[in-house]
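Here the structure comes first, spelled out in structure tokens, and everything after it is commentary.
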Amino acid sequence: MSSTPVTWFEIGSDRPDEVERFYADLFGWTFEEQGAPGASYRQTAAGGEQGIGGAIRATNGTSSNYAIFYAEVADVAETCRRAEAAGGKVLVPLRTAPSGLTFAHLLDPSGNHLGVFTPPAVG
């Protein structure tokens with residue numbers, strides 16, 4: 001079996017403007033607003049060619065603040081089954097975004113939060 005790459009990160013915040021300024025000032029990251037009004041999702045290329053992209057998601061107080069990495073997998077449902085078999089838990093069951101991207105959130109055996117996703121099928 002080949003290694004699974006970490007290809008995305010997400011930072012959830014109830015203060016997305018402040019968090020965006022923090023990462024812009026600290027690392028020079030720039031952000032582009034995505035999504036509908038009230039559903040702020042601010043994407044960044046973060047590390048350029050050497051790093052991975054990510055985003056700040058406005059939580060609007062509906063969840064705790066968090067930082068999470070996402071591993072890109074071939075099959076989210078199968079990865080969830082394997083995570084549970086390995087002693088982890090599925091925190092957020094498989095969901096499909098309008099774009100066709102599928103994802104889930106998992107907990108490792110010590111309670112650390114991580115995400116897995118499969119990008120939408122190409123054309």
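Values below: all heavy atoms of this structure, side chains included; hydrogens, waters and symmetry mates excluded. Just so it is clear, the structure is predicted and the values come from calculations on it, not from any experiment.
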Going hydrophobic residue to hydrophobic residue with side-chain gaps under 4.5 angstrom, can you get from [X] over to [Y]?
X: Phe31; Y: Trp8; answer: no
X: Phe103; Y: Leu106; answer: no
X: Val76; Y: Leu101; answer: no
X: Phe69; Y: Leu107; answer: no

- Item | Pairs involving residues 109-121, ordered by first then second residue, that meet side-chain hydrogen bond (donor to acceptor under 3.5 Å, both in side chains) (sequence neighbours left out) |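 Every pair satisfying side-chain hydrogen bond (donor to acceptor under 3.5 Å, both in side chains) with a residue in residues 109-121: His105-His113, Asp108-Ser110, Asp108-Asn112, Ser110-Asn112.
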- Side-chain donor-acceptor pair present, Asp14, Asn60, cut-off under 3.5 Å: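 There is no such pair between these side chains.
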- Message: Between Thr79 and Arg81, is there a side-chain donor-acceptor contact under 3.5 Å, judged purely by atom types and distance?
- Response: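 No - no donor-acceptor pair under 3.5 Å links their side chains.
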- Approximate separation, where rounding is to 0.5 Å, of Asp25 CG and Glu20 CD: 10.0 Å
- Message: Can you classify the ring geometry of Tyr23 versus Trp29 as parallel (below 30°), tilted (30 to 60°) or perpendicular (above 60°)?
- Response: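 Tyr23 vs Trp29 ring planes: parallel.
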Contact check, side chains of [X] and [Y], non-hydrogen atoms, under 4.5 Å:
X: Thr102; Y: Phe117; answer: no
X: Pro119; Y: Glu72; answer: yes
X: Pro16; Y: Arg57; answer: no

- Query: What pair of heavy atoms forms the shortest contact from Gly115 to Ile68, and how long is it?
  - Reply: N-CD1, 3.5 Å
- Closest non-hydrogen atom pair, Pro120 against Ser99: CB-O, 3.1 Å
- Message: Does Glu10 form a side chain to side chain donor-acceptor pair (under 3.5 Å) with Tyr41? I'd like the steps, not just the answer.
- Response: CA-CA 9 Å; Glu10 182 176 273; Tyr41 201 72; 2.8 Å; yes
- Task: Give every residue pair that meets the salt bridge (Lys or Arg N to Asp or Glu O under 4.0 Å) criterion with at least one member in residues 58-69, sequence neighbours excluded.
- Result: none
- Query: Under 3.5 Å, side chain of Thr44 to main-chain N/O of Thr30, donor-acceptor pair present?
  - Reply: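 Pair found, side chain donor or acceptor close to backbone of Thr30.
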- Query: Checking side-chain contact (heavy atoms from CB on, under 4.5 Å) for the pair Ser13/Arg42: CA distance, chi angles, key distance, verdict?
  - Reply: CA-CA 11 Å; Ser13 176; Arg42 302 155 190 229; over 6 Å; no
- Message: Could you go through Ile52 and Phe9, starting from their C-alpha distance and side-chain angles, then the distance that decides it, and tell me whether this counts as side-chain contact (heavy atoms from CB on, under 4.5 Å)?
- Response: CA-CA 8 Å; Ile52 64 172; Phe9 69 87; 4.0 Å; yes
Result block: side-chain N/O donor-acceptor pairs under 3.5 angstrom for residues 84-98, not counting sequence neighbours:
none

